[in-house]
Undergrad: 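Starting off with a structure, shown below.
Computed over heavy atoms, backbone and side chain alike; hydrogens, waters and symmetry mates excluded. Naming: A, B, ... by sequence-line order, numbering from 1 per chain.
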Amino acid sequence: GDSVTQMEGPVTLSEEAFLTINCTYTATGYPSLFWYVQYPGEGLQLLLKATKADDKGSNKGFEATYRKETTSFHLEKGSVQVSDSAVYFCALLKAAGNKLTFGGGTRVLVKP
Amino acid sequence: DTGVSQNPRHKITKRGQNVTFRCDPISEHNRLYWYRQTLGQGPEFLTYFQNEAQLEKSRLLSDRFSAERPKGSFSTLEIQRTEQGDSAMYLCASSLTGGDDGYTFGSGTRLTVV
C-alpha cells in the first residue's frame with residue numbers, strides 16, 4: 001500500500017539555522033505531494049504542495065521539490081525562526097485516490 | 001468562510017459511554033474526511049464522504065464507529081461503547097473533489113476515555 005516515511009524528530013535548531021526534513025514515499029502511479037504544519041494546539045495547515053515530478057512547492061520561506069527518481073519530497077528552509085517550531089507532516093494523494101496518506105510527523109524546535 | 005469547525009474541542013467520557021462529534025466543513029467543499037491522530041503519530045484515515053454518500057471506510061473504523069453526513073453539509077462521528085484505546089484527536093477535513101489543492105482541516109476534537 002501507499003506509505004510516507006519521514007525522518008524522526010525532534011529536530012532542535014538554533015534560530016537562523018538551515019532546516020531539512022527528509023520525506024520519502026511509496027506509491028504506484030504519480031501522486032501529488034504535500035507538506036502540512038501543525039502548530040501547538042492547532043489543526044493541520046497546508047504549507048506547500050507539488051503535483052508532478054520536478055515541481056517545486058514553496059511558501060513562507062519553505063521549499064520542497066518533487067523528485068520522482070528518488071521518490072522524495074524533502075522540506076527545506078534556509079533560516080528558521082522560533083515561530084517555525086511545530087510538527088511537520090509529509091503526505092501524498094494518489095491521482096485516482098480519495099484520501100491523503102500521512103507520514104508520522106517530525107517535531108521541530110527552534111531555540112532563540 | 002470561517003474554515004472547518006469541529007465541536008466539541010475536548011471530550012472526556014467514561015469507558016462504555018457513547019460520544020458524538022460534529023464537523024462543519026467549508027460550504028463549497030463537497031468532500032469531507034475524518035482522521036484520527038494519536039500522540040506522536042500522523043493522522044490516520046477513517047472515512048470520507050462525497051456530498052451525502054459515504055464512499056470509503058478504513059479498516060480502523062470498527063462497527064462501534066459510525067459517521068453520517070445527512071444533507072451533504074455537516075457530518076457527525078459517533079463512537080459507541082467507548083474504549084480507552086479510542087482516546088485520540090479526531091480530525092475533520094474538507095476539500096473540493098479530488099483534493100489536489102489540499103485539504104482544509106479543523107482544529108480537532110480531543111477525546112479522552114477514562
Side-chain angles (χ1 to χ4, degrees), chain A residues 1-11 21 23-25 27 29-52 55 57 59 64 66 73 86-109, chain B residues 2-10 21 23-26 29-51 53-61 67 88-110:
Chain A
D2 302 337
S3 66
V4 177
T5 303
Q6 295 180 231
M7 60 186 288
E8 289 195 16
V11 175
I21 304 176
C23 170
T24 56
Y25 68 89
Y30 303 93
S32 295
L33 301 173
F34 303 82
W35 276 100
Y36 280 81
V37 58
Q38 188 172 36
Y39 298 104
E42 298 185 15
L44 281 77
Q45 300 175 24
L46 177 63
L47 182 58
L48 53 83
K49 65 171 185 172
T51 56
K52 61 183 187 295
D55 268 2
N59 187 27
Y66 188 163
F73 192 55
V87 182
Y88 293 81
F89 293 94
C90 185
L92 70 82
L93 178 70
K94 287 174 67 171
N98 298 311
K99 58 184 180 290
L100 279 172
T101 299
F102 286 89
T106 303
R107 181 174 297 279
V108 172
L109 177 60
Chain B
T2 56
V4 177
S5 176
Q6 291 189 246
N7 288 287
R9 289 295 303 272
H10 304 275
F21 311 140
C23 172
D24 288 271
I26 291 175
H29 287 177
N30 57 352
R31 285 202 176 176
L32 185 149
Y33 310 83
W34 286 100
Y35 281 78
R36 181 172 68 187
Q37 185 180 21
T38 52
L39 199 61
Q41 303 296 317
E44 297 173 298
F45 171 78
L46 294 179
T47 188
Y48 92 95
F49 294 83
Q50 179 153 319
N51 300 312
Q54 187 174 17
L55 297 186
E56 187 173 345
K57 293 192 290 187
S58 163
R59 290 171 295 177
L60 294 174
L61 212 65
M89 176 76 84
Y90 289 84
L91 299 171
C92 177
S94 68
S95 76
L96 294 170
T97 302
D100 276 354
D101 289 333
Y103 299 179
T104 302
F105 281 84
S107 297
T109 294
R110 180 169 296 285

Undergrad: Would you mind checking which part of Q6(A) comes under 4.5 Å of any heavy atom in chain B, side chain (CB onward), backbone (N, CA, C, O), both or neither?
TA: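 Looking at Q6(A), nothing touches chain B.
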Undergrad: For R110(B), which atoms come within 4.5 Å of any heavy atom of chain A: side chain, backbone, both, or neither?
TA: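 It is neither, since no heavy atom gets under 4.5 Å.
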Undergrad: What's the shortest heavy-atom distance between L44(A) and P43(B), and which atoms?
TA: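 For L44(A) and P43(B), the tightest heavy-atom pair comes out as CD2-CG, 3.9 Å.
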Undergrad: Which atoms of Q41(B) are under 4.5 Å from chain A, going by heavy atoms: the side chain, the backbone, both sets, or neither?
TA: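 Contact with chain A is through the backbone of Q41(B) alone.
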Undergrad: For Y36(A) and Y103(B), indicate whether the former's side chain and the latter's backbone hold a donor-acceptor pair under 3.5 Å.
TA: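 Side chain of Y36(A) to backbone of Y103(B), a donor-acceptor pair under 3.5 Å: yes, one is there.
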Undergrad: Take L100(A) and Y35(B) through the side chain to side chain contact (heavy atoms under 4.5 Å, CB included) test and state the conclusion after the steps.
TA: CA-CA 10 Å; L100(A) 279 172; Y35(B) 281 78; 3.4 Å; yes
Undergrad: Just to verify, what does K57(B) make a side-chain contact (heavy atoms from CB on, under 4.5 Å) with, not counting sequence neighbours?
TA: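 Only T47(B), Q54(B), L61(B) meet the side-chain contact (heavy atoms from CB on, under 4.5 Å) criterion with K57(B).
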Undergrad: Mind checking what makes side-chain contact (heavy atoms from CB on, under 4.5 Å) contact with T51(A), not counting sequence neighbours?
TA: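 Partners of T51(A) by the side-chain contact (heavy atoms from CB on, under 4.5 Å) criterion, ordered by chain and then number, come out as S32(A), D55(A).
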Undergrad: To the nearest 0.5 Å, tell me how far E44(B) CD sits from K99(A) NZ.
TA: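 If we round to the nearest 0.5 Å, E44(B):CD and K99(A):NZ are 12.5 Å apart.
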Undergrad: If you measure from CG on L93(A) to OG on S95(B), what distance do you get to the nearest 0.5 Å?
TA: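 The distance works out to 8.5 Å.
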Undergrad: Should we count CD of Q45(A) as having more than 12 external heavy atoms under 6.0 Å?
TA: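 Buried by this count: over 12 neighbours within 6.0 Å.
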Undergrad: Counting only non-hydrogen atoms closer than 4.5 Å, does Q50(B) touch chain A with its backbone (N, CA, C, O), its side chain (CB onward), both, or neither?
TA: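 No part of it gets close to chain A.
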